[in-house]
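To find a chain, count down the sequence lines: A is the first, B the second, and so on, and within it residues start at 1.
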Amino acid sequence: MAVEDFTPGLNFIRTIIEADIKAGKNGGRVHTRFPPEPNGYLHIGHAKSICLNFGLAAEYKGFCNLRFDDTNPGKEDVEYVDSIMADVRWLGFDWQDRLYYASDYFEQLYEFALHLIRSGQAYVCDLTAEQVRQYRGTLTECGINSPCRDRSAEENLDLFQRMRAGEFPDGSYVLRAKIDMASPNLNMRDPVLYRIRRESHHRTGDAWCIYPMYDYTHPISDALEGVTHSICTLEFEDHRPFYDWVLDNLPVPCHPQQIEFARLNLSYTVMSKRKLLELVDKALVHGWDDPRLPTIAALRRRGFTPEAIRNFAELIGVAKRESVVDMALLEHCLREDLNKRAKRVMAVLRPLKVVITNYPEGQVEELDAENNPEDPAAGTRRLPFSRELYIEQEDFREDPPKKFFRLSLGKEIRLKHAYYIRCDEVVKDNNGRITELRCSYDPESRGGWTKDGRKVLGTSHWVSAAQALDVEVRLYDKLLSVANPAGENEEKDFKEYLNPASLEIVKNCKVEPSLAAAKPGDRFQFLRQGYFCVDSDSSPQALVFNRSVTLRDSWAKIEKSQQSK
RNA sequence: UGGGGUGUGGCCAAGCGGUAAGGCAUCGGCCUUUGGAGCCGAGAUUCGUAGGUUCGAAUCCUACCGCCCCAGCCA
């Protein structure tokens, strides 16, 4: 089955939603949200969540909100909110007028806290952070009640209001929910609701010195927005009882259902914000959009299309078991998309000069070349051909192995769209390095075929030397040299697995002249090599291309299996 | 040895009591003016393990095993 024919299967979330709709829950409404914390750049794992949330909303004629979970000012920044919005839009999703910030609810969150205090379900605690931890107990032992647990509502109200008013130093008091210090679920052992922190917030500035915790903020934000299905990752499963506790004990408009799914892991890369941040901070990569990273910004710069990423998100499915998806699937999605739409061009990465000895000196002729065999509507272009050309170094071998269809002494190959050429002589320098090939062409083979039906197996790409453009090409490869560092030696830091060959810069590559007008972001297939896009560092005088993904290379496989024999 | 999850081919993933979808990867073959693309075909007697229920179990029951998450005033 071709991927474009793929119809979304039922995953467990769709199953839940359809059951809810059938049961008439929420009046049949589906309303989701994507709630990033603006403390880093979005990555492909977030893309899975974005596609899920926005996709489900679209599928069931509902809505999906974009909401920034910005309750921890110390880590958050507008740089991140801007990048997140740009990335979600680029992926092709639209939150219309439903852009929210948890910080917009600070006043309501505060009122709800007052409500909990009045109903005796929250109290101000003056234990130190260290004491709170000690009182919490352990995984196997119950916690101990805080001595502040039985403070009167009046006193709690007074203290909490004074917390807000800034009368107490940072960390001196917290507001806690009064639930059960003996609960086997640590999240229910009187979790902290508010902490005092004199930090400037990227939106509310210095208006507040107390900030609500995620666990308290999230369910209320969902309810205030009328969210029906609050989809999050597995590690929040343990938090669900508290999510429900908050909503059950507060006069909120509705009670959304929290549903947890497994986050995406991808082989040969890292996905945690901490690790990504570390790579960027330590300059192990060149910024958040370094094309080796799995961030959305990096994938965009690398040449990925939103379509490829969305298709990928659909293909990987949604489930609750933790898994590591093969990077090959992501690459497959890009190839599949670009195969249909990328213009084919010729580029020689490592040039080997070829002189066509029987071609008239000074003559230049123009050949027709199709732009995309998958899409006749893409039209054709003209290609200059002349006496001096470049072909790829690896397309010539002095000692051709078995099944090597390319050029070697005395052998004939086809130059794509041009002529058959035969290699007559190999020219070397004093060190024995091949510097030039002297070949002859068959004038009868113009266009790449002859009437005699002669079989020519090999077809190489080439460029005409005089008209070629000199460009820089950046060859990207896997970030890590192992598929799953977590499955390796646990003592080792992930940085020890960084692939030293993840970036190879190749200068003085030769590309056909039609590329002169290429603009940053333009995508092409370099014939027989891969898909490339013009990098943001590129300029008309100094073109720079990124390799997005290679083409499948069956010769490489054959050669590899020959060598292993 | 507390609680919450989860185990289906190399990697994902359907399946929800009636006799193992699909995708990626792999391996054959065809085709080819990209060794690209495309096309055709192959692969789990078996669903973590062991018992049990049933005419019939990946699906139900029991026990065991493995892996993940939780002791932030992070999200």
Side-chain angles (χ1 to χ4, degrees), chain A residues 1-3 6-7 9-11 15 35-37 39 69-72 74-75 125 127-129 132-134 136-143 170-176 183-189 191-197 211 213-215 217-218 232-241 260 262 267 273 314-333 335-336 339-340 344 346 370 373-374 403-406 414-418 420 445 447-449 456-461 483 525-530 550-558:
Chain A
M1 180 171 69
V3 177
F6 180 86
T7 41
L10 218 49
N11 57 49
T15 304
E37 182 189 14
N39 69 343
D69 240 316
D70 54 352
T71 57
N72 188 4
K75 291 186 176 175
C125 182
L127 252 28
T128 64
V132 167
R133 189 180 334 132
Q134 285 165 353
R136 184 155 34 226
T138 69
L139 294 178
T140 53
E141 296 165 90
C142 290
D170 287 10
S172 56
Y173 287 99
V174 290
L175 181 72
R176 294 227 254 167
S183 172
N185 181 344
L186 305 218
N187 296 300
M188 298 301 268
R189 319 241 263 227
V192 171
L193 267 25
Y194 271 91
R195 72 285 214 187
I196 302 174
R197 243 180 223 203
Y211 290 97
M213 300 290 287
Y214 164 86
D215 278 333
T217 307
H218 208 83
C232 62
T233 44
L234 249 31
E235 67 270 26
F236 292 104
E237 210 150 18
D238 286 342
H239 298 232
R240 194 169 66 225
E260 311 85 9
S267 60
K273 276 188 181 178
E314 189 58 53
L315 288 178
I316 57 176
V318 183
K320 296 193 71 157
R321 88 178 71 148
E322 295 198 49
S323 59
V324 181
V325 173
D326 196 335
M327 181 63 91
L329 181 60
L330 216 210
E331 296 185 339
H332 161 81
C333 290
R335 287 193 193 101
E336 185 185 53
N339 176 50
K340 291 178 298 193
R344 272 62 169 171
M346 293 202 281
E370 63 188 345
E374 304 292 319
K403 291 187 181 173
F404 186 78
F405 300 161
R406 283 112 99 141
R414 168 171 40 239
L415 293 182
K416 179 79 174 173
H417 303 307
Y420 293 171
S445 63
W449 61 279
V456 174
L457 280 177
T459 302
S460 284
H461 56 279
Q525 183 194 102
F526 286 2
L527 234 53
R528 305 207 301 138
Q529 313 205 73
T550 60
L551 247 31
R552 294 185 66 205
D553 186 351
S554 49
W555 164 243
K557 274 182 202 166
I558 293 169

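Distance from the side chain of A/His332 is smallest for B/C24 among the nucleotides B/C24, B/A75, B/C73. In this structure, the nucleotide among B/U34, B/C27, B/G2 sitting nearest to the side chain of A/Arg344 is B/U34.
In this structure, A/Asn185 atom CG and B/G2 atom C1' are separated by 10 Å, rounded to whole Å. Rounded to a whole Å, the NE2 atom of A/His239 is 10 Å from the C1' atom of B/G72. Atom CG of A/Asp326 is separated from atom C1' of B/U26 by 11 Å (rounded to the nearest Å). Straight-line distance from the CD atom of A/Glu370 to the C1' atom of B/A37: 11 Å, rounded to whole Å. Rounding to whole angstrom units, CD of residue A/Glu141 and P of B/G2 are separated by 12 Å. What separates CD of A/Gln134 from C1' of B/G72 is a distance of 15 Å, to the nearest Å. In this structure, CG of A/Asn11 is placed 17 Å from C1' of B/U6, rounded to the nearest angstrom. Atom CZ of A/Arg189 is separated from atom C1' of B/G4 by 14 Å (rounded to the nearest Å).
Note on A/Leu415: nothing from the nucleic acid sits closer than 4.0 angstrom, heavy atoms only. At the heavy-atom level, A/Val456 lies nowhere under 4.0 Å from the strands shown. Nucleic acid contact for A/Phe404: base, since at least one base atom lies under 4.0 Å from a heavy atom of the residue. Residue A/Pro241 is out of contact with every strand shown, counting any heavy-atom pair closer than 4.0 Å. Across all strands shown, A/Val174 has heavy atoms under 4.0 Å from base atoms, whether or not it also approaches the sugar-phosphate. Nucleic acid contact class of A/Ala328 (heavy atoms, under 4.0 Å, all strands): sugar-phosphate only. Residue A/Glu331 is out of contact with every strand shown, counting any heavy-atom pair closer than 4.0 Å. Using a 4.0 Å heavy-atom distance criterion, A/His417 is classed as a base contact. Residue contacts shown for A/Phe236 include a base, since a base heavy atom lies under 4.0 Å away. Nucleic acid contact class of A/Arg321 (heavy atoms, under 4.0 Å, all strands): base. Counting non-hydrogen atoms under 4.0 angstrom, A/Asn339 reaches a base of the nucleic acid. Residue contacts for A/Leu127: at a heavy-atom cut-off of 4.0 Å it reaches a base atom on one of the strands shown. Residue-level contact check: A/Thr138 touches the bases, meaning some heavy atom is under 4.0 Å from a base atom. Counting any heavy atom pair closer than 4.0 Å across all strands shown, A/Arg406 reaches a base atom.
Of the side-chain N and O atoms in A/Arg133, none sit less than 4.0 angstrom from OP1 or OP2 of B/C70. The phosphate of B/A75 has OP1 or OP2 within less than 4.0 Å of a side-chain N or O from A/Thr71.
Contact annotation: side chain of A/Arg414 to base of B/U34, donor-acceptor pair absent below 3.5 Å. Contact annotation: side chain of A/Gln529 to base of B/U34, donor-acceptor pair absent below 3.5 Å. If you check distances only, the side chain of A/Glu374 does reach the base of B/G36 with a donor-acceptor pair under 3.5 Å. Between the side chain of A/Asp238 and the base of B/G3, a donor-acceptor pair under 3.5 Å is found.
In B/G72 the base sits syn relative to the sugar, since the glycosidic angle is no further than 90° from 0.
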Pair A/Lys320, A/Glu260 - check salt bridge (Lys or Arg N to Asp or Glu O under 4.0 Å), show working. CA-CA 7 Å; A/Lys320 296 193 71 157; A/Glu260 311 85 9; 3.8 Å; yes

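Nucleotides B/G48 and B/G9 are separated by 8 Å at their P atoms, to the nearest Å. Rounded to a whole angstrom, the distance from the P atom of B/U19 to that of B/G38 is 33 Å. Rounded to a whole angstrom, the distance from the P atom of B/C12 to that of B/G51 is 28 Å. Here the separation of B/C24 from B/C40, taken at their P atoms, is 12 Å to the nearest Å. Nucleotides B/A58 and B/U8 place their P atoms 15 Å apart, quoted to the nearest Å.
Scanning both residues, A/Thr138 and A/Leu186, for their nearest heavy atoms gives O-CD2, 4.1 Å.
Checking A/Arg414 against A/Thr459 by side-chain atom types alone, a donor-acceptor pair falls below 3.5 Å. A donor atom on one side chain and an acceptor atom on the other are not found under 3.5 Å apart for A/Arg240 and A/Asn187.
B/G66 is paired with B/U6 under the criterion used here, namely a Watson-Crick or G-U wobble arrangement in which both key atom distances are under 3.5 Å. A 3.5 Å limit on both hydrogen-bonding distances identifies B/G52 as the Watson-Crick or G-U partner of B/C60. For B/G36, there is no paired nucleotide, since no Watson-Crick or G-U wobble pair has both relevant distances below 3.5 Å. The partner of B/A71, taking Watson-Crick or G-U wobble pairs whose two distances both stay under 3.5 Å, does not exist in any strand shown.
Between A/Lys75 and A/Glu37 there is no salt bridge, since no side-chain N of the basic residue sits under 4.0 Å from a carboxylate O of the acidic one.
Taking the side chain as every heavy atom from C-beta outward, A/Asn39 and A/Asn72 never approach each other to under 4.5 Å.
Aromatic ring centres of A/Trp555 and A/Phe405 lie farther apart than the 6.0 Å criterion allows.
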